[in-house]
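Have a look at the structure below before the remarks.
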Amino acid sequence: MTYRVRFAPSPTGELHVGGARTAVFNWLFARSKGGKFLLRIEDTDRERSSEAMTGRILEGLRWLGIDWDEDPLFQSSRLPAHLENVDKMMASGNAYRCFCDPEKLAAEREEALKSGANSWKYPGYCRDLDENTVKTNLEKGLSFSVRFKIPEGETSFNDLVHGETVFDNSNIDDFIIVRSDGTPTYQLSVVSDDIEMKITHVIRGNDHISNTPKQILIYKALGKDVPEFGHIPLILGQDKKRLSKRHGATSLIEYKERGYLPEAMFNFLSLLGWSPGNDREYLRKDELIKIFSLDKITKSGAVFDEQKLAWLNGQFLSDLPAEEIIEEIKPRFETAGLWDNSFQGERKEWFYNLINLLKTRCRILDDFITDAGPYLTDHIHYDDNGVKKHLKNSEVIEHLSDLLDVYSEIKDFNEANTEDVLRKLAEKLDISAGKLIHPLRMALVGVPVSPGVFEVAVLMGKEKTLERIRLLVEWLKSYHGVK
RNA sequence: GUCCCCAUCGUCUAGCCAGGUCCAGGACACAGCCCUUUCAAGGCUGCGACACGGGUUCAAAUCCCGUUGGGGACGCCA
């Protein structure tokens, strides 16, 4: 059996993280089974759909590393085929024309609900119209929609994640499959296209569970095989409600812009409502393909926790070679005005070293911008807290001046020597090494946080190190009011 | 309201189907310690959950029923 699954976004908005997660599960299923992963663009809502949005959705998918096997099917192109199915169903008595006035129906419904009824279904006025009436109505030019005729009985399916699920048909309305303007509705289009695309497994969000019996009934009315269905849990916001815009960022692209790596995002999404069944969490795509299975999908909703995403991103960042990080951060550095082409030219090695020094401290890509700043510009701002903590005693002026002297003497300005010389000086001055180390860090980067200060000094080079110590000495003189 | 789905640490989850090895394991977050020149990273420790009530059973987080709670769907949107 060839497994065929699909992801069917409608291009009415950005690719939502929930949608992206559905795509991830479908893709993982297909790739792990050697099946096909297909795309269908549900663009039948002409008002809200746009070609531009289709492009952005595909771009998001590509960014995540999700590829598809055949050309995407545009639902709007399939309109005649959908309507053909309606003819079949009308001919077989599974669908009928409804001449009811929609406004009248709406009013009826409102009234019924207001007077305490707990649900309202189409009363079936046109359900059993005789041929002559239909004919006359048609001749009169009355507009009509087409409804699906729900049969008696119950409809059940064995959901891949929830197991046996049963619906009593009496709870299902004779839903509309063709609007009075002659266009097919969602339920019809989905089934028609899934048949056309030979979809074997429909893996989608939980919110579609109540659509499933309707769709199964259409398959049956059409005499087609019913595919397997698997309904995955919804992604929730902190308040446990379905993730939506009021929870913050919901579109995949926003996370890309925030500096998350596609591999990390993919990994994170795969863990939302699925687990490999053991303690492994930090997983690459090829490993995920190997271990993914539908029966490990969780039943309950999953809260989107950006902190965990950030942690995962940090894991990927730490393991990513500097070259690749540089590719990712280049555009960000450019917009921040920190980029210089020499980083990929004569200062290539130096820049690699810098990035390698910073990467274990970074969680998202923009962290590199703030962390790398002091190395790339000469504008040093002395952080208030750092000043209070390490520079408030005017003695540091003397200490730094001494450090400046001994550092100027160093011939081979490497980590061992810079450390050695500093520690000897501290001993001579009878102070702890920290009393020199922290001011030195302040001199070099202006903040009390950095990689190992000797690594920093060496990376900056002797000249710049000396210059920055001098600069801080001058700054401190005026700060402490020393002449 | 009706129908459907769900229910293990604050969060993601393992365990549940094939009941004992679970006074419930891992991860994120949080707190502390170690390492250490700071911050990360790393290591260690701590905090922290089987929603409730009934069954069934020698034994239930695991099976059954109910209650409660949460969510989703109830469109001539998709």
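Values below: every heavy atom of this structure, side chains too, minus hydrogens, waters and symmetry copies. In what follows, every chain begins at residue 1, and chains take the letters A, B, ... in the order their sequences are listed.
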Query raised in the report: Which nucleotide, rG70(B), rA78(B), rG26(B), lies nearest any side-chain atom of Glu281(A)?
Result: rG26(B)
Query raised in the report: What distance, rounded to whole Å, do you find between the two P atoms, one in rC9(B) and one in rG48(B)?
Result: 14 Å
Query raised in the report: Base, sugar-phosphate, or nothing for Ile176(A), non-hydrogen atoms under 4.0 angstrom?
Result: base
Requested in this report: Could you note down all residue pairs passing salt bridge (charged side-chain N to carboxylate O under 4.0 Å, His left out) where residues 146-163 of chain A supplies at least one of them, sequence neighbours left out?
Outcome: Asp128(A)-Lys149(A)
Query raised in the report: Taking the P atom of each, how far is rG69(B) from rC33(B), in whole Å?
Result: 44 Å
Query - NZ/NE/NH1/NH2 to OD/OE distance under 4.0 Å, Asp174(A) and Arg127(A) - result: yes
Query raised in the report: For the side chain of Asn26(A) and the backbone of Phe37(A), is there at least one donor-acceptor N/O pair under 3.5 Å apart?
Result: no
Query raised in the report: How close or far is atom C1' of rC6(B) from atom NE2 of His162(A), stated in whole angstroms?
Result: 8 Å
Report summary line: When rounded to whole Å, the CZ to P distance for the pair Phe144(A) and rC76(B) reads 16 Å
Query raised in the report: Between the base of rA7(B) and the side chain of Lys299(A), is there any donor-acceptor pair under 3.5 Å?
Result: no
Report task. State the pairing partner of rA61(B); accept Watson-Crick or G-U wobble contacts with both distances under 3.5 Å, and report none otherwise. Result -> none
**Report entry** Flag for Thr22(A)-Arg204(A): side-chain donor and acceptor within less than 3.5 Å
**Finding:** no
**Report entry** Gap between atoms NZ and P, on Lys308(A) and rC28(B) respectively (whole Å)
**Finding:** 7 Å
Query raised in the report: Taking the P atom of each, how far is rA40(B) from rG32(B), in whole Å?
Result: 11 Å
Query raised in the report: Leu357(A) CG to rA40(B) P: how many Å, rounded?
Result: 16 Å
Requested in this report: Determine the contact category for Leu236(A): base if any of its heavy atoms lies under 4.0 Å from a base atom, sugar-phosphate if only primed atoms, P, OP1 or OP2 are that close, otherwise nothing.
Outcome: nothing
**Report entry** Counter-base of rC17(B), judged by Watson-Crick or G-U geometry with both distances under 3.5 Å
**Finding:** none
Requested in this report: Please check the phosphate of rG42(B) (OP1 and OP2 only) for any side-chain N or O of Gln315(A) closer than 4.0 Å.
Outcome: yes
Query raised in the report: Between rC39(B), rU11(B), rA78(B), which one does the side chain of Asp45(A) approach most closely?
Result: rA78(B)
Requested in this report: Hey, can you tell me if Phe268(A) and Phe304(A) have their rings parallel, tilted or perpendicular (30° and 60° cut-offs)?
Outcome: perpendicular
**Report entry** Expected output: side-chain Asn206(A) to main-chain His231(A) donor-acceptor under 3.5 Å
**Finding:** no
Query raised in the report: For residues Asn211(A) and Tyr186(A), is any side-chain donor paired with an opposing acceptor at under 3.5 Å?
Result: no
Query raised in the report: Does any nucleotide pair with rU68(B) by Watson-Crick or G-U wobble geometry, both distances under 3.5 Å, and what is it?
Result: rA7(B)
Report task. Look at Lys214(A) and rA73(B) and indicate whether a side-chain polar atom (N or O) is within less than 4.0 Å of OP1 or OP2. Result -> no
Report task. Can you tell me, in whole Å, how much space there is between the C1' of rC17(B) and that of rU62(B)? Result -> 10 Å
Report summary line: pair_partner(rU38(B)), Watson-Crick or wobble, both distances < 3.5 Å, evaluates to none
**Report entry** Minimum-distance nucleotide (side-chain atoms of Gln307(A) versus rG72(B), rG71(B), rA29(B))
**Finding:** rA29(B)
Query raised in the report: With rounding to whole Å, what would you report as the distance between rG66(B) and rG46(B) at their P atoms?
Result: 41 Å
Requested in this report: Could you tell me whether the phosphate oxygens of rA73(B), OP1 or OP2, come under 4.0 Å of any side-chain nitrogen or oxygen in Arg242(A)?
Outcome: yes
Query raised in the report: Does Arg179(A) have a side-chain nitrogen or oxygen under 4.0 Å from the phosphate oxygens OP1 or OP2 of rA78(B)?
Result: yes
Query raised in the report: RNA chain B: Thr165(A) or Arg280(A), which has the more 5' nearest nucleotide?
Result: Thr165(A)
Requested in this report: Output the single nucleotide from rG72(B), rA41(B), rA27(B) whose closest atom is nearest the side chain of Trp311(A).
Outcome: rA27(B)
Query raised in the report: Are OP1 or OP2 of rA73(B) and a side-chain N or O of His208(A) less than 4.0 angstrom apart?
Result: no
Query raised in the report: Contact class for Thr44(A) vs. all strands (heavy atom < 4.0 Å): base, sugar-phosphate, or nothing?
Result: sugar-phosphate
Query raised in the report: Closer to the 5' end of RNA chain B via nearest nucleotide, is it Arg363(A) or Pro233(A)?
Result: Pro233(A)
Query raised in the report: Under 3.5 Å, is there a donor-acceptor pair between the side chain of Ser275(A) and the main chain of Gly277(A)?
Result: yes
Query raised in the report: If we take the C1' atom in both rA51(B) and rA61(B), what is their distance in whole Å?
Result: 12 Å
Query raised in the report: On a whole-Å scale, what distance lies between the P atoms belonging to rC22(B) and rA60(B)?
Result: 16 Å
Query - Donor on one side chain, acceptor on other, Ser189(A) and Arg40(A), under 3.5 Å - result: no
Query raised in the report: How many Å lie between CG on Asn206(A) and P on rC74(B), as a whole number?
Result: 13 Å
Query raised in the report: Strictly by modelled atom types, are His247(A) and Asp239(A) linked by a side-chain donor-acceptor pair under 3.5 Å?
Result: yes
Query raised in the report: Choosing from rU11(B), rA78(B), rG72(B), which nucleotide comes nearest the side chain of Gln75(A)?
Result: rA78(B)
Query raised in the report: Which one, rA78(B), rU13(B), rU11(B), comes nearest to the side chain of Asn211(A)?
Result: rA78(B)
**Report entry** Residue Ser275(A), side-chain heavy atoms: nucleotide from rC76(B), rC39(B), rA14(B) that is nearest
**Finding:** rA14(B)
Query raised in the report: Ile232(A) CD1 to rG72(B) P: how many Å, rounded?
Result: 16 Å
Query - Pair partner, rG48(B) [Watson-Crick or wobble, under 3.5 Å] - result: none
Query raised in the report: When we call it a touch if two heavy atoms are under 4.0 Å apart, what does Ser10(A) touch: a base, just sugar-phosphate, or nothing?
Result: sugar-phosphate
**Report entry** Whole angstrom value for the distance that separates P of rC74(B) from CH2 of Trp120(A)
**Finding:** 15 Å
N/O contacts under 3.5 Å, protein versus nucleotides 32-37 of chain B?
{"from": "rU37(B)", "atom 1": "OP1", "to": "Arg423(A)", "atom 2": "NH2", "distance (Å)": "2.9"}
{"from": "rU37(B)", "atom 1": "O2'", "to": "His438(A)", "atom 2": "NE2", "distance (Å)": "3.1"}
{"from": "rU37(B)", "atom 1": "O2", "to": "Arg441(A)", "atom 2": "NH2", "distance (Å)": "2.5"}
{"from": "rU37(B)", "atom 1": "N3", "to": "Val453(A)", "atom 2": "N", "distance (Å)": "3.4"}

Query raised in the report: Between Thr212(A) and His208(A), is there a donor-acceptor pair closer than 3.5 Å when you use the side chain of the first and the backbone of the second?
Result: yes
Query raised in the report: In Watson-Crick or G-U wobble terms, both distances under 3.5 Å, what is the partner of rG75(B)?
Result: none
**Report entry** Distance-only donor-acceptor test (3.5 Å): side chain Ser210(A), base rC4(B)
**Finding:** no
**Report entry** Rounded distance in Å between the P positions of rU8(B) and rC63(B)
**Finding:** 13 Å
Requested in this report: Would you kindly give the NZ-to-P distance between Lys121(A) and rG75(B), to the nearest whole Å?
Outcome: 13 Å
